[in-house]
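Protein chains get the first letters and strands the later ones, always in sequence-line order, with residue 1 at the start of each.
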Protein chains: 2
Amino acid sequence: MKYIDKLRNSGLRPTKQRLQICEVLFNTQKTFHFTINELEQKIKNKVENKISLATIYNTVHAFEKKGYLKQIPVNSNQTYFDTNITDHHHFYNLKDGKLIDLENSDVGPINIKRKIDGKKIKSIEVLVKLED
Amino acid sequence: MKYIDKLRNSGLRPTKQRLQICEVLFNTQKTFHFTINELEQKIKNKVENKISLATIYNTVHAFEKKGYLKQIPVNSNQTYFDTNITDHHHFYNLKDGKLIDLENSDVGPINIKRKIDGKKIKSIEVLVKLED
DNA sequence: AATACAGTTTATAATGGTTCTAAACAACTG
DNA sequence: CAGTTGTTTAGAACCATTATAAACTGTATT
């Protein structure tokens, strides 16, 4: 149904596990940030059958490669992902390790004046660290 | 000599190992970026005696806490540090994992318009990912 | 519908960066 | 110099992530 075409169109077979993970990731009002650990918990709560941790890693990486998820650069021992794939930036609360979206209008345009020969800019990401 | 006071003034005993690591980190014309692994190699080359990996970790963390080093937020399995502790941003070359400093004048001022109650902004960091 | 093939899932092991441990050691104070 | 506290160290432990390889499933073909 909902996600089968999305997966097929990007060359990913719509397996039961992937469709279930799609439900958890994309069938929500709001986008959200997560670590693999947090996603594993969410899946445990929402999905009847067990999905192996390896599959969660595989799927998240597959979705990231296809552009359905973004990795957020943060200093942490865990990798943070975002289901909001639009260009935007983040607050990072050092106290609890939580991220908060910053709209582009909250930051203003960022104009990188310097160029590196033979290289293209793939992304520009602003991380604003918060403390008490 | 050179670094003894620096260390004493920040409440760190000027041990042989710390002074040697200071030489490697700070006794250079240019600032530089490094991972612990890279620093370990540099130390092996420049220092006669062996410094244990645990000491390298301890020292880097101590120096970071004192503000002599900065961590750079990058998505990588290794932590990146910078001996340039002034406010500035980075290019990140995805191909080889190398960082390049961006002067503030190359980016322009960044004005975060949104505020989070009860939180202060500790740092604002821009990461510009480069691809071919 | 049965078959074959390539893509997926899975439990488990392996990897590797980082942190912990606790014993030996070194810097400071009086 | 002696006592105390901070530091170094090798090695073990930790833990997020990746690799392995066997079982399984989706899909295209007949």
Side-chain angles (χ1 to χ4, degrees), chain A residues 1 3-25 33-44 47-66 68-69 71-81 97, chain B residues 1 3-25 33-44 47-66 68-69 71-81 97:
Chain A
M1 358 284 171
Y3 298 108
I4 291 183
D5 293 339
K6 179 176 181 159
L7 292 175
R8 277 226 188 80
N9 291 338
S10 38
L12 298 173
R13 286 191 182 166
T15 63
K16 181 174 142 199
Q17 292 87 342
R18 281 177 180 160
L19 290 169
Q20 290 173 326
I21 294 176
C22 276
E23 290 291 333
V24 174
L25 289 176
H33 311 109
F34 64 91
T35 63
I36 295 288
N37 231 315
E38 291 165 351
L39 180 58
E40 195 187 5
Q41 295 312 312
K42 245 183 185 157
I43 288 170
K44 258 192 200 135
V47 173
E48 291 302 316
N49 48 298
K50 196 202 169 196
I51 299 182
S52 113
L53 184 57
T55 299
I56 298 176
Y57 273 98
N58 289 341
T59 303
V60 165
H61 287 143
F63 286 2
E64 194 209 351
K65 195 171 274 175
K66 297 299 180 184
Y68 302 143
L69 291 172
Q71 238 184 290
I72 305 170
V74 179
N75 290 129
S76 163
N77 57 328
Q78 285 176 257
T79 306
Y80 281 74
F81 294 90
Chain B
M1 356 302 177
Y3 299 107
I4 291 183
D5 292 340
K6 179 176 181 160
L7 291 175
R8 275 227 187 79
N9 291 338
S10 38
L12 298 173
R13 286 187 183 170
T15 64
K16 181 174 144 198
Q17 292 86 342
R18 281 178 180 161
L19 290 168
Q20 291 173 326
I21 294 175
C22 276
E23 290 290 333
V24 174
L25 289 176
H33 311 110
F34 64 91
T35 63
I36 295 288
N37 232 314
E38 292 165 351
L39 180 59
E40 195 187 6
Q41 295 311 312
K42 247 184 183 156
I43 288 170
K44 258 191 199 136
V47 174
E48 291 303 314
N49 48 298
K50 194 202 170 194
I51 299 182
S52 112
L53 183 58
T55 299
I56 297 176
Y57 271 99
N58 289 341
T59 303
V60 165
H61 286 144
F63 287 3
E64 193 210 351
K65 195 172 274 177
K66 296 299 179 184
Y68 303 144
L69 290 173
Q71 239 185 288
I72 305 171
V74 179
N75 290 129
S76 162
N77 57 327
Q78 286 177 258
T79 306
Y80 282 74
F81 294 90

Mind calculating the distance between [atom1] ([X]) and [atom2] ([N]) to the nearest angstrom?
X: A:L53; N: C:dA11; atom1: CG; atom2: P; value: 10 Å
X: B:N9; N: C:dC28; atom1: CG; atom2: P; value: 12 Å
X: B:L39; N: C:dT18; atom1: CG; atom2: C1'; value: 14 Å
X: A:N75; N: C:dG17; atom1: CG; atom2: C1'; value: 14 Å
X: B:L12; N: D:dT8; atom1: CG; atom2: P; value: 9 Å
X: B:I51; N: C:dC25; atom1: CD1; atom2: P; value: 18 Å
X: A:E40; N: D:dT17; atom1: CD; atom2: C1'; value: 12 Å
X: A:L7; N: D:dT27; atom1: CG; atom2: C1'; value: 15 Å

(request) Describe the nucleic acid contact of B:T15 in one word from base, sugar-phosphate, nothing, applying a heavy-atom distance below 4.0 Å. (result) sugar-phosphate

(request) Quick one: label A:T35 by what it contacts on the DNA or RNA (base, sugar-phosphate, nothing), any heavy atom closer than 4.0 Å. (result)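 Nothing, no nucleic acid heavy atom in range.
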
Can you identify which nucleotide, out of [options], has its nearest atom closest to the [X] side chain?
X: A:I36; options: D:dT7, D:dT17, C:dG7; value: D:dT17
X: B:Q78; options: C:dC28, C:dG17, D:dT7; value: C:dG17
X: A:Q17; options: C:dT18, D:dG6, C:dT9; value: C:dT9
X: B:R18; options: D:dT8, D:dT27, C:dT10; value: D:dT8

With the side chain counted from C-beta on, respond yes when [X] and [Y] share a heavy-atom pair under 4.5 Å apart, and no when they do not.
X: A:N75; Y: B:P73; result: yes
X: A:Q20; Y: A:I51; result: yes
X: B:L19; Y: B:I4; result: yes

For [X] and [N], is the shortest distance between a side-chain N/O and OP1 or OP2 below 4.0 Å?
X: B:R8; N: C:dC28; result: yes
X: B:Y57; N: C:dT19; result: no
X: A:S52; N: C:dT9; result: no
X: B:H61; N: C:dT19; result: yes
X: A:K50; N: C:dA11; result: yes

(message) Here's a test of your reading of the structure: between B:P14 and B:A54, which maps to the more 5' nucleotide of DNA chain C?
(response)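 Upstream on the strand: B:A54.
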
(request) Tell me which of B:R13 and B:T79 sits closer to the 5' end of DNA chain C, going by the nucleotide each one is nearest to. (result) B:T79

(message) Run the side chain to side chain contact (heavy atoms under 4.5 Å, CB included) test on B:T15 and B:T59 for me, step by step, so that the C-alpha distance in whole Å, both residues' side-chain angles and the decisive distance to 0.1 Å come before the verdict.
(response) CA-CA 11 Å; B:T15 64; B:T59 303; over 6 Å; no

(request) Would you verify whether the NZ or CZ of A:K6 falls within 45 degrees of the ring axis of A:Y68 while also being under 6.0 Å from that six-membered ring's centre? (result) yes

(message) Nearest 0.5 angstrom please: B:L12 CG to B:R18 CZ, how far?
(response) 5.0 Å

